[in-house]
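Here is the structure we will look at, set down as structure tokens.
We use all heavy atoms of the structure for the numbers below, so side chains are in, but hydrogens, waters and symmetry mates are not. Labels below follow one simple rule: chain letters A, B, ... track the order of the sequence lines, proteins then strands, and each chain is numbered from 1. The structure displayed is predicted, hence computed values, not measured ones.
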Amino acid sequence: MLDSQLFRQDLNALAEKLAAKGFQLPIERLSNLETERKSCQTKTQQLQSDRNNRSKAIGKAKASGQDISEIMASVADLGEQLKQSEERLEEIQRELQSILLTVPNLPHESVPIGKSEENNREERRWGTPKQFDFTPKDHVDLANQKGLDFETAAKITGARFVVMKGNMAKLHRALIQFMLDLHSKEHGYTEIYVPYMVNAESLLGTGQLPKFEADLFSIPQQGLYLIPTAEVPVTNILRDEIVNLEELPLKFVCHTPCFRSEAGAYGKDTRGMIRQHQFEKVELVQFVTPDRSYQALEELTHHAETILQRLDLPYRTMSLCSGDLGFSAAKTYDLEVWLPGQQKYREISSCSNFEAFQARRMKARFRKAQGEKPELLHTLNGSGLAVGRTLVAILENYQQSDGKIAIPSVLQPYLNGLQVLE
RNA sequence: GGAGAGAUGGCAGAGCGGUUUAAUGCGGCGGUCUUGAAAACCGUUGUGGGCUUGUACCCCACCGGGGGUUCGAAUCCCUCUCUCUCCGCCA
């Protein structure tokens, strides 16, 4: 959420900035609501003040045994007036709030302006796509005899799920372990375990609600949702909290399954495990002071890149343009890994700085020193990495002419020294 | 699943319809004293919002969440959530 003060100033300037993100600000409606809010709030508070004073007077008069009928009469009409005023104010504020909750974050000044992913800016490339002396297969063709089983998953659940068996399942697990270990041992993240179901407040805090309910799996009976990313439970750890400056930065690494309905992606990536309803992800989350959040974004992105480098997977780093930025993000780097089966770079990580956007929704704050006013934190997160897609990248990049798949050396210790997946 | 108890400021803990917009203690911060520190003493110490060019002042809201009764609610009523104790069940 943006600072509500912004909506009381130059709405046209604000609207212009939001237009870069493809959002149309309802200027007239906002300015009308804001005008009415101001007069209604002032009036309501005046009435409340009146009521408080008269009620106190009644209390005192009663205690000293005086006649209170006169004061009681003077207060008679106040009640109804106050009630109406309070109800109207509440209505206005609810409306304002419901608009504010659907306004996306503003892009950072360093973000390229553009409409779609074609306008994303390539920041750097790492590694060279391997030249195969045969036609590389995609992961589905490669793995259907090696333990990736979409048909069984379709039977027991439905489309966009997978069953993994034997060494394929172990390789998948090894990736998770490798990523968690690297980030916690070398990058200073604290490993954390969280619930895979969250309440609506948490989703509101990180920005998935109220706008993107259709993308979620929900459990209406209990009023819970399956998490679409660990970002939701982990970031909400600091909801309604005030932390001390000395505790910052807070850095968490967390492995969870992620559940996404993929509504609106019906035709996309139907083959294989690029786009599943359930997938594993290792997520990096940071809470930092506002002055160093952009430095933290560079660091966090580098932490995610390190995984790809250690696995020797070629990738490129893209800076998303304004129109391609997510709802809550001020700036995002996507990491795209090379997939020989598709002859394309495909997203495998997304690293974002949300500035105070999520923190304001969550009331996640820090205090510089005893007695100082609390300030909003900046929150960041990034995949480090999406595990399913990393598995795909390994299968496709490490395939051999004999159809077997070499195991990256950094993973072998996690697989009892296994060198080849047959 | 059954029975009961509870949720108050950073923490502990009183208040159970007005005279307190929450007593007291601990902790934090500032000061006095001291070569310095401790102790003692004095003062101060929640969050959000409104008004305001900004500050100060002033005002409003907040005693787990929501709703109600009342001129007036931390206090009474309803409801939800969470915590604890006992019983049952259980990985």
Side-chain angles (χ1 to χ4, degrees), chain A residues 1-10 13 30-31 33-101 193-205 209 218-225 233 236-248 356-377:
Chain A
M1 194 161 62
L2 299 174
D3 188 344
S4 57
Q5 294 298 335
L6 284 175
F7 296 88
R8 298 178 191 178
Q9 296 159 6
D10 190 349
L30 275 169
S31 87
L33 276 170
E34 183 49 37
T35 308
E36 202 188 343
R37 187 230 99 223
K38 192 164 174 167
S39 69
C40 189
Q41 182 162 4
T42 312
K43 180 179 160 204
T44 305
Q45 294 188 347
Q46 185 55 49
L47 287 168
Q48 286 172 326
S49 179
D50 272 7
R51 180 208 55 198
N52 291 348
N53 290 332
R54 297 194 201 193
S55 292
K56 266 182 219 166
I58 290 171
K60 278 184 193 161
K62 229 180 169 181
S64 60
Q66 294 169 28
D67 177 32
I68 56 165
S69 55
E70 199 177 317
I71 317 180
M72 289 294 277
S74 82
V75 92
D77 63 318
L78 245 177
E80 188 54 30
Q81 227 184 320
L82 179 58
K83 197 178 166 198
Q84 278 181 18
S85 192
E86 277 176 338
E87 278 170 6
R88 180 64 192 141
L89 180 62
E90 208 177 308
E91 207 177 313
I92 294 165
Q93 282 180 326
R94 238 197 332 262
E95 270 186 69
L96 274 170
Q97 187 71 0
S98 75
I99 296 174
L100 295 211
L101 283 173
Y193 173 86
V194 295
Y196 300 159
M197 297 178 210
V198 293
N199 54 36
E201 290 77 48
S202 292
L203 288 155
L204 203 71
L209 288 181
S218 68
I219 306 159
Q221 187 83 35
Q222 280 80 14
L224 296 174
Y225 296 81
N236 275 279
I237 288 171
L238 288 199
R239 172 149 57 90
D240 294 316
E241 302 287 338
I242 301 173
V243 298
N244 294 324
L245 187 62
E246 309 84 72
E247 300 171 59
L248 298 172
F357 188 86
Q358 295 181 324
R360 188 172 292 110
R361 290 172 162 241
M362 291 193 301
K363 297 185 192 67
R365 294 166 294 175
F366 73 102
R367 208 190 295 273
K368 281 209 176 97
Q370 268 289 330
E372 300 247 343
K373 281 279 168 200
E375 293 174 51
L376 292 169
L377 286 160

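Between the side chains of A:S202 and A:N199, at least one donor N or O lies within less than 3.5 Å of an accepting N or O.
Interatomic distance, A:E34 CD to A:Q41 CD, rounded to the nearest 0.5 Å: 9.0 Å. Atom CG in A:L101 sits 10.0 Å away from atom CG in A:L209 (nearest 0.5 Å). Here CD of A:E246 is found 11.5 Å from CZ of A:F366. Values are rounded to the nearest 0.5 Å.
Of the C1' atoms belonging to B:A73 and B:C16, the separation is 10 Å, rounded to the nearest Å. For B:C84 and B:C33, the C1' atoms lie 48 Å apart once the distance is rounded to whole Å. With both ends at atom P, the span from B:C29 to B:A39 equals 12 Å, rounded to whole Å. Rounded to the nearest Å, the gap between the C1' atom of B:C51 and that of B:A38 is 47 Å. Nucleotides B:A23 and B:C82 place their P atoms 32 Å apart, quoted to the nearest Å. Distance noted for atom P between B:U81 and B:U19: 34 Å (whole Å). Rounded to whole Å, the separation between the C1' atoms of B:U20 and B:C86 comes to 40 Å. B:A74 and B:G65 are spaced 12 Å apart, taking the P atom of each and rounding to whole Å.
No side-chain heavy atom of A:Y225 sits less than 4.5 Å from a side-chain heavy atom of A:I219. Looking only at side-chain heavy atoms (C-beta outward), A:L100 and A:S4 come within less than 4.5 Å of each other.
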What does nucleotides 61-83 of chain B look like as a protein-contact string, B for base, S for sugar-phosphate only, - for none, at under 4.0 angstrom between heavy atoms? S---------BS-----------
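In this structure, B:C63 forms no base pair with any nucleotide, since neither Watson-Crick nor G-U wobble geometry is met with both distances under 3.5 Å. Here B:U81 sits opposite B:A7 as a Watson-Crick or G-U wobble pair (both hydrogen-bonding atom distances under 3.5 Å). Applying the Watson-Crick and G-U wobble criteria (two distances, each under 3.5 Å), B:U69 pairs with nothing in any strand. When both distances must be under 3.5 Å, the Watson-Crick or G-U wobble mate of B:A12 is B:U24. Pair assignment for B:C29: B:G43, on the basis of Watson-Crick or G-U wobble contacts that are both within less than 3.5 Å. Under the Watson-Crick or G-U wobble criterion, with both distances below 3.5 Å, B:C90 has no partner in any strand shown. Applying the Watson-Crick and G-U wobble criteria (two distances, each under 3.5 Å), B:G54 pairs with nothing in any strand. Nucleotide B:U34: unpaired (no Watson-Crick or G-U wobble partner with both distances less than 3.5 Å).
Closest-nucleotide positions on RNA chain B for A:I242 and A:S4 were compared, and the one nearer the 5' end corresponds to A:I242. Between A:E34 and A:N53, it is A:E34 whose nearest contact on RNA chain B lies nearer the 5' terminus.
One atom, CE of A:M362, and another, P of B:G48, lie 16 Å apart when rounded to the nearest Å. Going from atom CZ of A:R360 over to atom P of B:G49 covers 10 Å, rounded to whole Å. Per the geometry, NZ belonging to A:K373 stands 13 Å off P belonging to B:G10, to the nearest Å. A straight line from CD of A:E241 to P of B:U47 spans 15 Å, rounded to a whole angstrom. Whole-Å rounding puts the A:D240 CG to B:G48 C1' distance at 12 Å. Between the CZ atom of A:R8 and the P atom of B:U53 there is a distance of 14 Å, given to the nearest Å.
In this structure, A:R367 reaches the B:U47 phosphate: one of its side-chain N or O atoms is under 4.0 Å from OP1 or OP2. For B:C51, the OP1/OP2 oxygens have a side-chain nitrogen or oxygen of A:R37 closer than 4.0 Å. Between A:K38 and B:U52 there is a side-chain N or O to OP1 or OP2 distance below 4.0 Å. Put simply, A:T42 has no side-chain N or O that comes within less than 4.0 Å of OP1 or OP2 on B:C51.
Electrostatic pairing of A:E375 and A:K368 counts as a salt bridge here, judged by a charged N lying under 4.0 Å from a carboxylate O. In summary, A:R88 and A:E36 engage in a salt bridge, as defined by a charged side-chain N under 4.0 Å from a carboxylate O. Here A:R94 pairs with A:E90 in a salt bridge; the nearest charged N to carboxylate O distance falls below 4.0 Å.
At a threshold of 4.0 angstrom between heavy atoms, the contacts of A:K43 with the nucleic acid are absent. Using a 4.0 Å heavy-atom cutoff across all strands shown, A:K363 reaches no nucleic acid atom at all.
Comparing atom distances between the A:Q5 side chain and each of B:C59, B:U47, B:G50 picks out B:G50 as nearest.
Taking both residues in full, the closest heavy atoms of A:I92 and A:C40 are given as CD1-CB, 4.0 Å, listed atom of the first, atom of the second, then distance.
In terms of polar N and O atoms assigned as donor or acceptor, the side chain of A:Q45 comes within less than 3.5 Å of the base of B:G49 in a complementary pairing.
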